[in-house]
Amino acid sequence: MYACVECGKRLPPRAKGGHREREYCSNRCRQRAHRKHKKQDLESRHLIERVCGRLPLTPDLSVGRDHWRFERTGLLQSARLLAARCDTAEAEARFLRARNTMLEDEAHTLRSLLADKEAEIVRLTVLLEGQSKRRT
Ligand SMILES: [Zn+2]
């Protein structure tokens, strides 16, 4: 690592014998990053609960710490987008269900109207047949 993960400031080269590459330029950056990650973790847990609670999904626990560290902002953005799309799809489903109910009611009304008309046709046909019999 040659730059601070948080602010991007260049870091001095690793000291000889140092066992680990520095990631932050200062304690302030380390703390700021820690706070940011905690907030992101909370939000992603919330989003996972929301999305996975409704879908047969389980979070991929095999994602490593370092992978998560660099991808978290992008992943969080995708999760937000998916949650929003989920909301839109559910609203659309509710609308379509309401419309379906309305159309079924309409179909029911039309079917009973049709039954009335058919009964009327039968009645008139019988009447007509009776009149033509009387004439002959
Ligand atoms: Zn920094």
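In listed order, ligands and their atoms are each counted from 1. Numbers here are sequence positions counted from 1.
- In this structure, Arg22 and Pro12 have side chains that are in contact, with non-hydrogen atoms separated by less than 4.5 Å.
- Residues passing the side-chain hydrogen bond (donor to acceptor under 3.5 Å, both in side chains) test with Gln31: none are found, sequence neighbours excluded.
- Protein N/O/S atoms closer than 2.8 Å to the Zn ion (ligand 1), listed by chain and residue number, are Cys4 SG, Cys7 SG, Cys25 SG, Cys29 SG.
- Other members of a hydrophobic cluster containing Leu42 are absent, since no ILVMFWY side chain comes under 4.5 Å of it, directly or through relayed contacts.
- Here Cys29 contributes atom SG and Glu23 contributes atom CD; the two are 12.0 Å apart, rounded to the nearest 0.5 Å.
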May I have the step-by-step check of side-chain contact (heavy atoms from CB on, under 4.5 Å) for Arg80 and Glu43, ending in yes or no?
CA-CA 9 Å; Arg80 282 194 202 110; Glu43 191 187 351; 2.6 Å; yes
Identify every side-chain donor-acceptor pair in residues 111-130 under 3.5 Å, counting partners at least two apart or on other chains, and give the distances.
{"residue": "Ser112", "atom": "OG", "partner": "His108", "partner atom": "O", "Å": "3.4"}
{"residue": "Ser112", "atom": "OG", "partner": "Thr109", "partner atom": "O", "Å": "2.9"}
{"residue": "Thr125", "atom": "OG1", "partner": "Ile121", "partner atom": "O", "Å": "2.6"}

